[in-house]
There are 2 protein chains.
Amino acid sequence: MKISTKGRYGVSAMYDLALHYGQGPISLKSVAQRQGISEHYLEQLMGTLRKAGYVKSIRGAQGGYTLTKDPSQITVGDIIRIMEGPIAPVDCLLTDAAHNEYCARAQICVTRGVWAKVRDSIDSVLDSISLADLAGEEKA
Amino acid sequence: MKISTKGRYGVSAMYDLALHYGQGPISLKSVAQRQGISEHYLEQLMGTLRKAGYVKSIRGAQGGYTLTKDPSQITVGDIIRIMEGPIAPVDCLLTDAAHNEYCARAQICVTRGVWAKVRDSIDSVLDSISLADLAGEEKA
DNA sequence: AATAAATCCTATCGCAATAGTCGGAAAAGC
DNA sequence: GCTTTTCCGACTATTGCGATAGGATTTATT
């Protein structure tokens, strides 16, 4: 039950961008230094966030990244789901109980309900926290 | 954010034992067949549960496993923590914020609070479900 | 006493994912 | 033209998962 560095670094980087929201493009290099992340590795992660539409990039000297939305409009859950895929403590939850791709017993499985409750609980926590919350701002 | 088969199989096996609680020792072979688990792999998992004191074993012909407590006294959280280690979405939570073994920035880390909330939420769900709940019994 | 049914124990192993690294191409400001 | 920066694809080392293998030990049954 671990969150990988993809998710953690993704949130850290987005939090950093939130802190500098409205200040023009922020270079990956500075984000990586402040957050203590390998710059080259962070590049890959930002590519994912860019393709998902959460950040936009400006290439060339003095370029960098900016959030595409106000920090209050992006939740930690958004970021985690992009970086790690859908939150599902077991793969079985990714498909309907009937005709389940991962488990023929899904319909009669007693434990499946447990994992569904865990998933809902995680989703609920992560979706309740926005980047603005992390940045300590209240731009409703 | 996945639960491994150790945790899942552990819960399934314990649920199976709960269904047969009070009926004498249940062989691993029958549990493995009913729950669709590799018998030999399940052996290892039961060893872990035995050492943790949640099941006891009777060796020899007609032997098997039984729960050491009433199903209402064992929660899914107990089993998951034994099988997978402490629930911590990030390793950083395994040590105090000051002098943290995994991250020098733990004290000033904004995201650490997020992961702590996630952990508490998972713990809360898992600890609220007992084997008796799964077995559909209410032996208070 | 022999057999069969079971748990117990240690070692090994293939696979996939994680967490990067590396090298360069392309874009844009100066 | 030079430097800064993003962009892209390929490669790699380590780790843990999910087993499998092979036997040793214990006990009920015949």
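Residue numbers begin at 1 in each chain, while the letters A, B, ... track the order of the sequences.
Atom CG of B/Asp91 and atom C1' of C/dT18 are 13 Å apart (whole Å). Taking atom CD on A/Gln62 and atom C1' on C/dA27, their separation rounds to 14 Å, with Å as the unit. For B/Tyr41 and C/dT7, the OH to C1' distance is 18 Å, given to the nearest whole Å. The CG-P distance, from A/Leu45 to C/dT21, rounds to 12 Å in whole Å. Between A/Ile58 atom CD1 and D/dC7 atom P there is a gap of 9 Å when expressed in whole angstrom units. Going from atom CG of A/Leu28 over to atom C1' of D/dC8 covers 14 Å, rounded to whole Å. Taking atom CD1 of residue B/Ile37 and atom P of nucleotide D/dG18, one finds them 12 Å apart after rounding to whole Å. Spacing between atom CE of B/Met83 and atom P of D/dA19 amounts to 13 Å, rounded to whole angstrom units.
With hydrogens and angles left out, the side chain of A/Gln44 and the base of C/dT21 share a donor-acceptor pair within 3.5 Å. In terms of polar N and O atoms assigned as donor or acceptor, the side chain of B/His40 comes within less than 3.5 Å of the base of D/dG22 in a complementary pairing. For B/Arg59 and D/dT26, a side-chain-to-base donor-acceptor distance below 3.5 Å is absent, hydrogens and geometry of angles not being considered. For A/Glu43 and C/dT21, a side-chain-to-base donor-acceptor distance below 3.5 Å is absent, hydrogens and geometry of angles not being considered.
Remark: B/Gln107 CD to B/Asn100 CG distance equals 9.0 Å, nearest 0.5 Å. Here the straight-line distance linking atom CD1 of B/Ile80 with atom CD1 of B/Ile3 works out to 4.5 Å at 0.5 Å rounding.
The shortest distance between the side-chain N/O atoms of B/Lys6 and the OP1/OP2 oxygens of D/dG18 is not below 4.0 Å. Contact annotation: A/Arg50 reaches the phosphate of D/dC8 (side-chain N/O to OP1 or OP2, under 4.0 Å). Checking the phosphate oxygens (OP1, OP2) of C/dT18, no side-chain nitrogen or oxygen of A/Ser4 falls inside 4.0 Å. Contact check, A/Ser57 against D/dT5: no side-chain N or O comes under 4.0 Å of OP1 or OP2. Regarding contacts with the backbone of D/dC17, every side-chain N or O of B/Tyr9 stays at 4.0 angstrom or more from both OP1 and OP2.
Heavy-atom contacts from other residues, nucleotides or ligands closer than 6.0 Å to NZ of B/Lys2 number more than 12. Residue B/Lys69 qualifies as enclosed at atom NZ: its count of foreign heavy atoms under 6.0 Å is above 12.
Residues B/Leu134 and B/Val11 are in side-chain contact: their nearest non-hydrogen atoms beyond the backbone lie under 4.5 Å apart.
The residue among B/Glu39 and A/Met46 whose nearest nucleotide of DNA chain D lies closer to the 5′ end is A/Met46. For the pair A/Ser38 and A/Gly60, nearest-nucleotide mapping onto DNA chain C gives the more 5' position to A/Ser38. Where A/Ser27 and B/Ile3 each meet DNA chain D at their nearest nucleotide, the meeting point lying more 5' is that of A/Ser27.
Of the charged side-chain nitrogens involved, none lies within less than 4.0 Å of a carboxylate oxygen, so that B/Asp91 and A/Arg8 do not count as a salt-bridged pair.
Within 4.0 Å of A/Gly47, counting heavy atoms only, lies no atom of the nucleic acid at all.
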